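Keep in mind that what you see is a predicted model, and the values were worked out from it rather than measured. What you see below is based on every heavy atom in this structure, not just the backbone, and it leaves out hydrogens, waters and symmetry mates.
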There are 2 protein chains.
Amino acid sequence: MQQILKRAGLKSTRQRIGVLKLLKQAAKPLTAEELYDSAEDKTQINLSTVYRTLGTLTEKGVLLKTPGQDGKAYYQLNNSAHRHQLTCSVCHRVVLIESCPLEELGRRLSKTTGYTITGHSFEFIGICPSCAGHPHA
Amino acid sequence: MQQILKRAGLKSTRQRIGVLKLLKQAAKPLTAEELYDSAEDKTQINLSTVYRTLGTLTEKGVLLKTPGQDGKAYYQLNNSAHRHQLTCSVCHRVVLIESCPLEELGRRLSKTTGYTITGHSFEFIGICPSCAGHPHA
DNA sequence: GTTAGTGCAAACTCTTTGCAGCACT
DNA sequence: AGTGCTGCAAAGAGTTTGCACTAAC
């Protein structure tokens, strides 16, 4: 945890370590508010600090930021285990997609454009079987 | 244009047709504000109406909504010619990706999850060659 | 000791909503 | 004529920022 921060040239603080720990445990993308609410003792971190931490860690490439259809941004560790979402456009419930097919595509894109690809965000939108069944849910 | 609206069960209004026309011409995703500013005569449509129009057309599956890293939502026609973005995390300039590789993936996902896939949003994040060259731009 | 990070409160941006009037079918 | 759509103004949600204080190096 501290190593990640050191590598990024950032100071190790209780707040940052807390955020990283939560994201590591989560195994699904979390919003700033979810992180804030999950902080065991609410007084341990301020919402502004959550936002600032997420911002700097995203800039450093440590985190992946995925702006969702709901207007909130979802954050997760930027590693090969990251997950993407599938949102139902009727009931707005979210499920996770098993694997990420974009790594290879990113490598190809990197070659053709000269960009260094540091991450990606994506999300499918659809209608879940339950909403397709009773459309007025 | 009117046909699209009729098929979606919506009334044909000057404002909606204007929005659709602009999106058709654009060939790149636009934000609500860009659409509002592009309306030839500014008095022809209200910003709220732009948002409402984009919302209903997205719900009907006519438009594709892609929430960007910058906090704004980008809209485009939901057809096979749609485009995705590649954003530089340093200078925040945006370029377009040539093709969309997610159609096939969506079909597969539809089979495994039972969801009706109606769209997707995605974006790559990277560092453009120019920013990689002089990092302090 | 110095610099980077934090908390708090206020501000800002994008987007949504209530309501009265207008336009499409 | 009736219903859906629009404009306006005000509110809402999520996120950012200035400043004084604190903690990491």
Side-chain angles (χ1 to χ4, degrees), chain A residues 1-20 22 29-39 41-60 62-63 65-75 87 89 92 94 121 123, chain B residues 1-20 22 29-39 41-60 62-63 65-75 89 92 94 121:
Chain A
M1 220 86 279
Q2 279 89 339
Q3 293 194 22
I4 296 177
L5 292 169
K6 190 163 228 176
R7 240 180 289 140
L10 300 170
K11 286 186 181 172
S12 281
T13 66
R14 186 189 70 244
Q15 293 87 337
R16 284 173 177 169
I17 291 170
V19 166
L20 283 173
L22 283 170
L30 297 176
T31 64
E33 197 149 19
E34 286 171 336
L35 283 163
Y36 176 63
D37 292 342
S38 306
D41 183 339
K42 302 286 165 57
T43 64
Q44 296 281 50
I45 191 168
N46 185 275
L47 225 205
S48 301
T49 304
V50 174
Y51 276 108
R52 274 193 274 234
T53 298
L54 294 172
T56 50
L57 289 176
T58 300
E59 259 180 32
K60 299 292 183 182
V62 176
L63 299 182
K65 173 186 181 181
T66 307
Q69 295 284 330
D70 60 4
K72 299 172 197 164
Y74 290 78
Y75 294 86
T87 302
S89 58
H92 302 107
V94 170
S121 80
E123 183 175 9
Chain B
M1 220 87 280
Q2 276 90 338
Q3 294 193 21
I4 295 177
L5 292 169
K6 190 164 227 174
R7 240 180 289 140
L10 300 170
K11 287 188 180 170
S12 281
T13 65
R14 185 189 72 241
Q15 293 87 337
R16 285 173 176 168
I17 292 171
V19 167
L20 283 173
L22 283 172
L30 296 176
T31 64
E33 197 150 21
E34 286 171 337
L35 283 163
Y36 175 63
D37 291 341
S38 306
D41 183 340
K42 301 285 166 59
T43 65
Q44 297 281 52
I45 191 168
N46 185 277
L47 225 203
S48 300
T49 304
V50 173
Y51 276 109
R52 274 193 275 234
T53 298
L54 294 172
T56 50
L57 290 176
T58 300
E59 259 180 31
K60 299 291 183 182
V62 175
L63 299 183
K65 173 185 178 181
T66 307
Q69 295 284 330
D70 59 5
K72 299 172 196 163
Y74 289 79
Y75 295 87
S89 58
H92 302 106
V94 170
S121 80

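Scanning both residues, B:Ser12 and B:Gln2, for their nearest heavy atoms gives OG-CG, 3.3 Å. The heavy-atom pair separating A:Leu5 from A:Lys11 by the smallest distance is CD1-O, 4.1 Å.
Evaluation of the side chain to side chain donor-acceptor pair (under 3.5 Å) rule for A:Thr87 yields A:Glu123 as partners, not counting sequence neighbours. Scored by the side chain to side chain contact (heavy atoms under 4.5 Å, CB included) test, A:Thr53 finds A:Arg16, A:Val19, A:Thr49, A:Leu57 as partners (sequence neighbours excluded). Taking the side chain to side chain donor-acceptor pair (under 3.5 Å) definition, one finds that A:Ser48 meets it with A:Asn46, sequence neighbours left out. Take A:Lys72 and apply the side chain to side chain contact (heavy atoms under 4.5 Å, CB included) test, not counting sequence neighbours, and it matches A:Thr31, A:Asp70, A:Tyr74.
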- Would you please test B:Leu30 and B:Tyr75 for side-chain contact (heavy atoms from CB on, under 4.5 Å) and show each step? CA-CA 5 Å; B:Leu30 296 176; B:Tyr75 295 87; 5.8 Å; no
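Near DNA chain D, defined here as any heavy-atom distance below 4.0 Å, the residues from residues 3-11 of chain B are B:Leu10, B:Lys11, listed numerically.
Direction change of the helix axis from one end of the helix from C:dG1-D:dC25 to C:dT25-D:dA1 to the other is 40°, with five pairs defining each end axis (rounded to 10°).
In this structure, the CD atom of B:Gln44 is 15 Å from the C1' atom of D:dC5, given to the nearest Å. Note: CZ (B:Arg16) to P (C:dA23) measures 15 Å, nearest angstrom.
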Could you list the protein-to-nucleotides 15-19 of chain C atom pairs, N/O on both sides, closer than 3.5 Å?
residue: C:dT15; atom: OP1; partner: B:Ala73; partner atom: N; Å: 3.0
residue: C:dT15; atom: OP2; partner: B:Tyr51; partner atom: OH; Å: 2.5
residue: C:dT15; atom: O5'; partner: B:Tyr51; partner atom: OH; Å: 3.4
residue: C:dT17; atom: O4; partner: B:Ser48; partner atom: OG; Å: 3.2
residue: C:dG18; atom: O6; partner: B:Arg52; partner atom: NH1; Å: 3.3
residue: C:dG18; atom: O6; partner: B:Arg52; partner atom: NH2; Å: 3.4

